[in-house]
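Because only heavy atoms are used, hydrogens play no part in the values below, and waters and symmetry mates are left out as well, while side chains stay in.
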Amino acid sequence: MADVQTVSELAQLGAGIAIGFGAVGAGLGIGIATKGLMEGISRQPEIAGKAMGFFLLGAALAEACAIYALIIALKLSGMMG
């Protein structure tokens with residue numbers, strides 16, 4: 001049976017992996033969204049204002065995933081509830 005220290009060390013490892021994947025996922029999501037925004041505006045400059053609103057919504061949703069990963073990491077590391 002695993003002792004408490006081993007479980008704590010594995011929880012720390014899981015926290016690092018959770019925040020790492022969360023940051024990579026959010027970064028890729030915002031990068032792809034920015035690419036789409038730039039391509040759309042370069043093809044149709046008149047939609048810049050409307051496209052920026054949709055971009056900000058998408059970027060906020062991507063960042064929400066990173067924040068969820070941070071919360072999971074904090075819970076696993078024992079720093080939060």
Side-chain angles (χ1 to χ4, degrees):
M1 213 169 161
D3 61 344
V4 175
Q5 184 176 0
T6 304
V7 171
S8 177
E9 290 169 354
L10 289 175
Q12 295 289 329
L13 178 65
I17 291 171
I19 196 64
F21 280 128
V24 168
L28 285 173
I30 292 174
I32 292 169
T34 303
K35 177 183 176 255
L37 174 73
M38 294 297 117
E39 287 176 353
I41 290 175
S42 67
R43 291 177 191 216
Q44 291 181 314
E46 65 273 6
I47 66 162
K50 189 173 183 179
M52 184 61 76
F54 288 120
F55 166 73
L56 290 175
L57 177 64
L61 292 173
E63 280 299 317
C65 292
I67 292 169
Y68 292 146
L70 175 64
I71 290 170
I72 290 169
L74 289 174
K75 283 186 123 352
L76 283 173
S77 65
M79 295 180 164
M80 191 171 122

Ala69 and Ala18 have their tightest heavy-atom pair at CB-O, 3.4 Å

Report, one line per pair, each donor and acceptor closer than 3.5 Å where one atom sits in a side chain of residues 39-50; sequence neighbours left out.
{"unit_1": "Glu39", "atom_1": "OE2", "unit_2": "Lys35", "atom_2": "NZ", "d": "3.4"}
{"unit_1": "Ser42", "atom_1": "OG", "unit_2": "Met38", "atom_2": "O", "d": "3.2"}
{"unit_1": "Ser42", "atom_1": "OG", "unit_2": "Glu39", "atom_2": "O", "d": "2.8"}

Please enumerate all residues that pass side chain to side chain contact (heavy atoms under 4.5 Å, CB included) together with Leu70, with sequence neighbours excluded.
Ile19, Leu74

Side-chain heavy atoms nearer than 4.5 Å, only ILVMFWY residues, links allowed to pass through others: does that put Val4 and Leu76 together?
no

Write down the atom of Phe55, the atom of Leu37, and the distance for their closest heavy-atom approach.
CG-CD2, 3.8 Å

Other hydrophobic cluster members with Val24, side-chain heavy atoms of Ile/Leu/Val/Met/Phe/Trp/Tyr under 4.5 Å, chained?
Leu28

In Å and rounded to the nearest 0.5 Å, what is the CG to CG distance from Leu61 to Leu56?
11.0 Å

Are Ile71 and Met79 linked, directly or through other ILVMFWY residues, by side chains that come within less than 4.5 angstrom of each other?
yes

Who are the side chain to side chain contact (heavy atoms under 4.5 Å, CB included) partners of Ala66, not counting sequence neighbours?
Ala26, Glu63

Could you pull out every donor-acceptor pair under 3.5 Å between side chains of residues 9-17 and any protein atom, sequence neighbours left out?
{"unit_1": "Glu9", "atom_1": "OE2", "unit_2": "Gln5", "atom_2": "NE2", "d": "3.2"}
{"unit_1": "Gln12", "atom_1": "NE2", "unit_2": "Ser77", "atom_2": "O", "d": "3.4"}

